[in-house]
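Atom set for the values below is all heavy atoms of this structure, side chains included, hydrogens, waters and symmetry mates excluded.
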Amino acid sequence: MAGSWERLDGRQTYDYRNIRISFGADYGCCVVELGKTRVLGQVSCELVSPKLSRATEGILFFNLELSQMAAPAFEPGRQSDLLVKLNRLLERCLRNSKCIDTESLCVVAGEKVWQIRVDLHLLNHDGNIIDAASIAAIVALCHFRRPDVSVQGDEITLYALEERDPVPLSIHHMPICISFAFFQQGTYLLVDPSEREERVMDGLLVIAMNKHREICTIQSSGGIMLLQDQVLRCSKIAGVKVAEITELIQKALENDRRVRKEGGKFGFAESIANQRITAFKMEKAPVDTSDVEEKAEEIIAEADPPSEAVSKPVLWTPGTAQIGEGIESSWGDLEEEEEGDDGGSDEVTILDSVKMETEDQNVGNHMGDDTPIVLSDSEEDEIIILEPGENPKKTRVQANSQQGKVSSKKAIRKKKKQPAD
């Protein structure tokens with residue numbers, strides 16, 4: 001294999017990403033961060049009937065969830081091949097390795113045993129899910145406390161946390177998975193591959209080991225052929241990494257135990273570092289309000305004086321006014337166009353000038369007085385007002401679809417209105 005060389009994120013070949021462990025307010029809840037990969041672990045328990053084949057042993061159940069919150073490629077409500085493979089590997093690593101004493105979970109042989117359920121949720125995916133999930137599972141199991149029980153005859157009494165101290169699980173050892181990525185048919189080897197490195201790798205080797213260098217499970221995927229020396233070299237590297245991670249887990253558990261015993265603050269909110277955007281705390285800065293009035297007067301004095309120009313209203317016709325340089329209202333045009341569209345076959349014709357040929361007689365009879373002439377249609381309420389001495393700018397004539405085009409002549413009924421004083 002080739003020697004050490006730098007990777008995309010700046011790590012060397014055998015470097016492991018930083019691990020951060022934080023605990024929740026309840027027992028059995030933790031978040032493990034492996035670089036940018038984050039896994040939430042939650043352990044719960046329940047009294048159930050045991051299996052018929054193992055009447056004196058408790059039940060362990062592991063469930064890993066891959067949601068779209070972690071990566072868009074994960075499909076909700078569907079078990080992909082990756083999810084099935086990860087769940088099976090977790091079961092072989094933690095349950096088949098007998099790391100937890102299942103016989104200590106028995107309450108009444110053949111009747112009641114404890115069922116321990118470990119739920120793992122992937123919060124963010126940046127590669128090497130199995131390593132982060134295995135660390136989160138074993139940390140949550142070590143941190144979990146089950147309620148205490150007592151048996152008197154056929155009666156089983158379950159005590160609350162306030163009545164009796166909860167009981168921790170009996171854990172023999174802590175198996176941890178270490179992943180190795182191979183490139184170019186095993187020529188190059190990487191420890192703890194990231195998400196980008198997993199896309200282009202040729203094969204993957206996962207070794208589950210405890211701090212006593214006992215191999216709990218081993219799995220190779222990708223279809224590459226590995227030599228014996230390569231597997232032995234990976235097992236030696238895994239032994240070193242597992243010892244370092246186990247020491248880190250024990251320190252984190254001891255710190256949480258000491259804080260809870262001393263009555264200090266604990267939980268996810270307290271584990272967030274200060275002086276960050278994501279922190280929920282901020283220091284209060286004192287505000288000096290002694291010279292607020294003087295500063296306000298200075299700002300007002302330096303500001304530009306308000307403009308004295310006042311816009312004059314434009315009087316188009318008596319009784320109306322418009323502020324500014326607006327244009328003539330076109331609401332009536334829109335209403336008539338909408339009416340024409342609703343009719344389907346109505347036609348609207350805009351005339352630039354009134355054809356006085358058809359209305360000479362009617363107009364001539366009323367030119368002597370100031371009474372406006374109102375032309376109305378029998379079926380449409382269209383009104384045309386002619387002002388004496390002025391020609392209207394636009395006149396609209398609307399005809400019904402049943403009467404044909406506007407060119408057809410029809411009788412005009414006259415209506416007189418009293419001029420406004």
With sequence neighbours left out, the residues meeting side chain to side chain contact (heavy atoms under 4.5 Å, CB included) with Leu123 are Arg38, Leu40, Met69
Just wondering, are more than 12 heavy atoms of other shown residues or ligands nearer than 6.0 Å to CZ in Arg260?
-> yes
Which residue pairs satisfy the salt bridge (charged side-chain N to carboxylate O under 4.0 Å, His left out) criterion with at least one member in residues 206-225, sequence neighbours excluded?
-> none
Less than 4.5 Å apart, any side-chain heavy atom of Ile156 and any of Lys112?
-> yes
Are Asp131 and Tyr16 close enough that a side-chain donor and a side-chain acceptor fall under 3.5 Å?
-> yes
Over 12 foreign heavy atoms within 6.0 Å of CG, Asp26 | no
Hey, could you give me the CG/CG distance between Leu90 and Leu120, rounded to the nearest 0.5 Å?
-> 6.5 Å
Examine Arg164 relative to Tyr159 and say whether NZ or CZ is less than 6.0 Å from the centre of the six-membered ring and inside a 45° cone about the ring axis.
-> yes
Decide yes or no on side chain to side chain contact (heavy atoms under 4.5 Å, CB included) for Val200 and Phe183, but give the supporting numbers first.
-> CA-CA 8 Å; Val200 296; Phe183 301 87; 3.7 Å; yes
Any sub-3.5 Å donor-acceptor pair from Glu247's side-chain atoms to Glu244's backbone N or O?
-> no
Side-chain heavy-atom pair Leu60, Leu94 within 4.5 angstrom cut-off = no
Which atom of Arg146 lies closest to which atom of Cys45, heavy atoms considered = CB-SG, 4.2 Å
Side chains of Met174 and Ile138: does their closest heavy-atom pair fall under 4.5 Å?
-> yes
Check whether more than 12 heavy atoms from other residues, nucleotides or ligands sit under 6.0 Å from atom CG of Leu52, and answer yes or no.
-> no
What is the minimum heavy-atom distance between Val43 and Ala140, and which atoms define it?
-> CG2-CB, 3.5 Å
Can you tell me how far the OH atom of Tyr188 sits from the CG atom of Leu190, to the nearest 0.5 Å?
-> 11.0 Å
Say whether, by atom type as modelled, one donor and one acceptor occur between the side chain of Asn128 and the main chain of Asp192 under 3.5 angstrom.
-> no
Close side-chain approach of Ile218 and Val206, heavy atoms under 4.5 Å | no
Close side-chain approach of Ser179 and Leu204, heavy atoms under 4.5 Å = yes
Heavy-atom side-chain contact between Thr246 and Ile176 under 4.5 Å = yes
Between Ala181 and Met201, what is the shortest heavy-atom contact and its length?
-> CB-SD, 3.8 Å
Side-chain donor or acceptor of Gln115 paired with backbone N/O of Gly58 under 3.5 Å = no
So which heavy atom on Cys93 is nearest to which on Cys216, and how close?
-> O-CB, 4.4 Å
Does the side chain of Gln219 pick up a donor-acceptor pair with the side chain of Arg92 at under 3.5 Å?
-> yes
Pairwise distance SG(Cys106) to CD(Glu57) - rounded to 0.5 angstrom | 9.0 Å
Roughly how far apart are Leu66 CG and Asn87 CG, rounded to 0.5 Å?
-> 8.0 Å
Begin with the C-alpha distance, continue with both residues' side-chain angles, and end with the deciding distance and a verdict on side chain to side chain contact (heavy atoms under 4.5 Å, CB included) for Ile129 and Leu122.
-> CA-CA 8 Å; Ile129 301 175; Leu122 183 64; 3.7 Å; yes
Salt-bridge test for Arg258 and Asp256: reply yes if a basic N is under 4.0 Å from a carboxylate O, no otherwise.
-> no
Going through the distances and angles, do Asn124 and Thr37 end up as a side chain to side chain contact (heavy atoms under 4.5 Å, CB included)?
-> CA-CA 5 Å; Asn124 188 43; Thr37 301; over 6 Å; no
Is Leu205 close to Leu226 at the side-chain level, that is, under 4.5 Å between some pair of heavy atoms?
-> yes
Spell out, as yes or no, whether a donor-acceptor pair under 3.5 Å connects the side chain of Lys51 to the backbone of Ile59.
-> no
Under the side chain to side chain contact (heavy atoms under 4.5 Å, CB included) criterion, do Gln250 and Leu253 qualify, and how do the steps go?
-> CA-CA 5 Å; Gln250 291 176 348; Leu253 292 171; 5.6 Å; no
What's the spacing between Met209 CE and Cys177 SG if we round to 0.5 Å?
-> 11.0 Å
Flag, side chain of Ser194 to backbone of Gly127, donor-acceptor distance under 3.5 Å = no
Return yes when atom CD of Gln68 has more than 12 non-hydrogen atoms of other residues, nucleotides or ligands closer than 6.0 Å, and no otherwise.
-> yes
Minimum heavy-atom separation for Val113 to Ala55, with atom names?
-> CG1-O, 4.2 Å
Minimum heavy-atom separation for Ala136 to Val32, with atom names?
-> CA-CG2, 3.6 Å
Side chain proximity check, Gln12 to Arg7, heavy atoms < 4.5 angstrom = no
When rounded to the nearest 0.5 angstrom, what is the spacing between CD in Glu254 and CD1 in Ile249?
-> 14.5 Å
Can you tell me if His173 uses its side chain to pair, donor with acceptor, with the backbone of Ser97 under 3.5 Å?
-> yes
Side chain Asp148, main chain Pro166, donor-acceptor under 3.5 Å | no
Result for salt bridge (charged side-chain N to carboxylate O under 4.0 Å, His left out) between Asp126 and one of Arg199, Lys36, Arg17, Arg196 points to Arg17
Got a sec, which pairs hit ring pair (Phe, Tyr, Trp, His ring centres under 6.0 Å) with one end in residues 115-144, sequence neighbours left out?
-> Phe23-His143, Tyr27-His143, Phe74-His125
